[in-house]
4 protein chains.
Amino acid sequence: MARRRSDDKRERILQAAIKVFARKGYFAARVSEIARKADVADGTIYLYFESKEDLLVSLFDTVMKEHIEQARAELLSAPTVHDKLRVIALHHLRAMGQNRDLAIVFQVELRQSTKFMERFTASWLQDYFALMGAVIEEGQNDGSLRPELPRKVVVKALFGALDEMVTSWVLSRRDYDLEKLAAPVVDLFLKGAASTRVATRRPAPAAAAAQGAR
Amino acid sequence: MARRRSDDKRERILQAAIKVFARKGYFAARVSEIARKADVADGTIYLYFESKEDLLVSLFDTVMKEHIEQARAELLSAPTVHDKLRVIALHHLRAMGQNRDLAIVFQVELRQSTKFMERFTASWLQDYFALMGAVIEEGQNDGSLRPELPRKVVVKALFGALDEMVTSWVLSRRDYDLEKLAAPVVDLFLKGAASTRVATRRPAPAAAAAQGAR
Amino acid sequence: MARRRSDDKRERILQAAIKVFARKGYFAARVSEIARKADVADGTIYLYFESKEDLLVSLFDTVMKEHIEQARAELLSAPTVHDKLRVIALHHLRAMGQNRDLAIVFQVELRQSTKFMERFTASWLQDYFALMGAVIEEGQNDGSLRPELPRKVVVKALFGALDEMVTSWVLSRRDYDLEKLAAPVVDLFLKGAASTRVATRRPAPAAAAAQGAR
Amino acid sequence: MARRRSDDKRERILQAAIKVFARKGYFAARVSEIARKADVADGTIYLYFESKEDLLVSLFDTVMKEHIEQARAELLSAPTVHDKLRVIALHHLRAMGQNRDLAIVFQVELRQSTKFMERFTASWLQDYFALMGAVIEEGQNDGSLRPELPRKVVVKALFGALDEMVTSWVLSRRDYDLEKLAAPVVDLFLKGAASTRVATRRPAPAAAAAQGAR
DNA sequence: GATGAATGAGCGTTCATTCAT
DNA sequence: GATGAATGAACGCTCATTCAT
């Protein structure tokens, strides 16, 4: 793993790539611009990465690897499944909320084509889903989560909800605190949107009124 | 062979574009290939669309317009808010599940760049969110949905969950029935993932230990 | 020659072509724009002209034919060779000075390529040169013009001088009276630029002064 | 094969451009053909020139700069104004007569459009006219040229005459010696076409009749 | 390892021309 | 004769990648 001086350049190139991909988009991003921003020659990039595409892929791999490792570490200190879900949500939103450029790359640029997405889905994203799936399974086993829900659907719903929070934030002009959404998202995820005091099925209008508010 | 403008050429071009965009991706898609598949000359495309980009945008506009109109119509026959949410989920997943190529374009190709996404977010997607938001609001007003949940978060969570179902389906090699996921997604969304037998809030440490957490 | 209604359309197309060629340049000129300006359909142009190129060529032919006929007519009333040269210069500059768009087409657009220029040179321009050459010859025969000057050079010099007056005028932003240049050009052409009072060959500075006037 | 920039590539490209522009015309000239003839890749041209148009403009600038510098240098050794005019004419015709392709580009291709012509007129051509104008002015001051002639007209007439000699030569199939025309042109320019035995001004009607005009 | 000049494949778009009506 | 929708050939330029230095 020791690459000495090289590692510095590799890192500089990756950071430059995040900025340029985020600002210009993957296709419009110019390898020469990334090189300029990383302060290396165009050709040097090809000593560290196979191609422009490999640069994007490596970027995803590097960041996701670290993200998942961190998530795993944070989960250790969460006692209950519900806590774990809170940790996951918080970690997810915090990681993205801390680096808007990175978030742009992850929410938009990495989704260039089915080819890319399949590749990502098959790699670290699979691991991420597995991580979440394990927590769900644990909850279904220990009785803290409804066991009748199809596990995959639950995982995808949670991921999808978090993912949409990030996408909305990325596309929004306002720079609100993404992290703050973790609590309501997990609350919604765990307790659902339905009011518990009211029948889920169609109440007669009168009945609905009679049931009153809270 | 009539020389009268229109015929069904515009529609043929759009259908061809969906297929080619889906298979090749927007950038890799060749206008000449779309033309060939639509059985028109390359130049003819430019009689109906301003540019390749306009083709993609028009495609989105055309489909979303119809989708939202249909959704609105179907909502009329749903008496309760919970029913309405079921209708939305079902309609969303059915529309995508019926045309895999279209789904690919919507889930992947349309999200190429912030430019596209901002544009889409600002147009029909806004309408779609508004439609969902109105249902949520109605539920919060009539007592069928928890009023304390931030409406925007609820909308995004629901959309995000549905969106992820579609994306997963698109990227999956298996051709399972996407529509079938509507029920568990809405169930999860309404009732939450937490088991009702267990407190949602962090249990007292003692209780947690007793439950055998972790 | 009778073309009835057609002739009107042909003329309208030619007039529209002059305007569009002058404003846009031959290559940038669009056939459809000429058609619009002439108030005919695109395809109609091809009922009167073989191609865009033929339109330019026909334009030249039509205008030059008339120009030369007029010049010939005006020459009839000029008694001396010197007068005739004045008539030619005046007619040349007046014709161009009266229609700036036409002048632009003649001075610029008609000189697209050697192919065009060779074609023009070989046709009416040849006639125009012959017309001027005949006058020069007449002058050299009747003693009014120096017989030792090579006739072709004289013709080209006169034409070149007039041509440059028009080109300068066309490119100039100021809209001065082109016609007024006929007199000095002919004066220069006939009497030369040299002061008759001074030796043409290099005088010793002192000698030059000593030689004084005339 | 050195990888160092420049080499003589820029020059090779310019020479190739002269040939291709001359044979095909500016519009019909293909950048790829210029590249092939210069023995470089298509893209290499764009390392040295901004665009096809810039190639034409640069060509003009490069050649005119040198031409004017040479003319200025040669003028130093010409003692009288008449000599200077001979130098200018000779230099003009010799420069063009030495490189037919270059002459074609200058006489034909550079005059494609008012856009080009205005640009050229405003740059080096202005300098060239100024150079000639200075000589004319000198002559009008030292008494060797008629002071009553409008200087601008004189300059344009001389330039126009020389220009037409070159254009005729370019369009002619015969490859006569262009340079040889310098002497008669200057002779005509200085002494005029009129026979000194005859009055330049319109003779009295009686006299004209006596001379047997027409 | 690092450089950056050179490469050359690749494509969206235009528009003169055609021809069914 | 007139129309104008449809055609499809044609090309300047970009930029990821290579490789001599």
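Letters A, B, ... mirror the listed sequences (proteins, then strands); counts begin at 1.
- Contact annotation: Ser51(A) does not reach the phosphate of dA16(F) (side-chain N/O to OP1 or OP2, under 4.0 Å).
- The interatomic distance linking Tyr26(C) (OH) with dC15(E) (P) rounds to 13 Å, in whole Å.
- In this structure, Lys9(A) places its NZ atom 7 Å from C1' of dG1(E), rounding to the nearest Å.
- The existence of a salt bridge linking Lys115(C) and Glu53(C) is confirmed by a sub-4.0 Å separation between a basic side-chain nitrogen and an acidic carboxylate oxygen.
- Distances from the side chain of Tyr46(B) to the nucleotides dT13(E), dT7(E), dT17(F) place dT13(E) closest.
- Distance from the side chain of Ala41(D) is smallest to dG8(E) among dG8(E), dT3(F), dT7(F).
- Taking atom NZ on Lys52(A) and atom C1' on dT18(F), their separation rounds to 17 Å, with Å as the unit.
- Taking atom CG on Asp42(A) and atom C1' on dC15(F), their separation rounds to 10 Å, with Å as the unit.
- For Thr44(D), the listed nucleotide lying nearest its side chain is dA6(E); candidates were dA2(E), dA6(E), dT17(F).
- Per the geometry, CD belonging to Glu33(B) stands 13 Å off C1' belonging to dC11(E), to the nearest Å.
- With a 3.5 Å ceiling on both atom-pair distances, the Watson-Crick or G-U wobble partner of dT21(E) is dA2(F).
- At least one cation-pi condition fails for Lys52(C) and Tyr46(C): the charged atom is not both under 6.0 angstrom from the six-membered ring centre and inside a 45 degree cone around its axis.
- We find that CG of Asp39(B) is positioned 8 Å from P of dT7(F), with the value rounded to whole Å.
- Looking at Asp42(C) and Arg30(C), no side-chain N of the basic residue comes within less than 4.0 Å of a carboxylate O on the acidic one, giving no salt bridge.
- Annotation: of the two residues near DNA chain F, Gly43(D) and Glu50(A), the 5′-most nearest-nucleotide partner is Gly43(D).
- Between the CD1 atom of Ile34(D) and the P atom of dG8(E) there is a distance of 17 Å, given to the nearest Å.
- Put simply, Tyr48(C) has a side-chain N or O that comes within less than 4.0 Å of OP1 or OP2 on dA2(F).
- Note that OG1 of Thr167(A) is 5.5 Å distant from CE of Met117(B), once rounded to the nearest 0.5 Å.
- Between Arg30(A) and dA16(F) there is a side-chain polar atom (N or O) within less than 4.0 angstrom of OP1 or OP2.
- A distance below 6.0 Å separates the ring centres of Phe60(B) and Phe106(B).
- Nucleotide dA9(E) forms a Watson-Crick or G-U wobble pair with dT14(F), both donor-acceptor distances falling under 3.5 Å.
- Screening Lys19(B), Glu11(B), Arg12(B) for a side chain to side chain donor-acceptor pair (under 3.5 Å) with Gln15(B), the sole residue that qualifies is Glu11(B).
- Residue-level contact check: Ala28(D) touches neither bases nor backbone, having no heavy atom under 4.0 Å from any strand.
- At a threshold of 4.0 angstrom between heavy atoms, the contacts of Val31(D) are confined to the sugar-phosphate backbone, with no base atom among them.
- Along DNA chain E, the nucleotide nearest to Ser32(B) and the one nearest to Val40(D) differ in position, and the one closer to the 5' end is contacted by Val40(D).
- The partner of dA16(E) is dT7(F), judged by Watson-Crick or G-U wobble contacts that both fall below 3.5 Å.
- Arg36(C) has its CZ atom 15 Å from the P atom of dT3(F), to the nearest Å.
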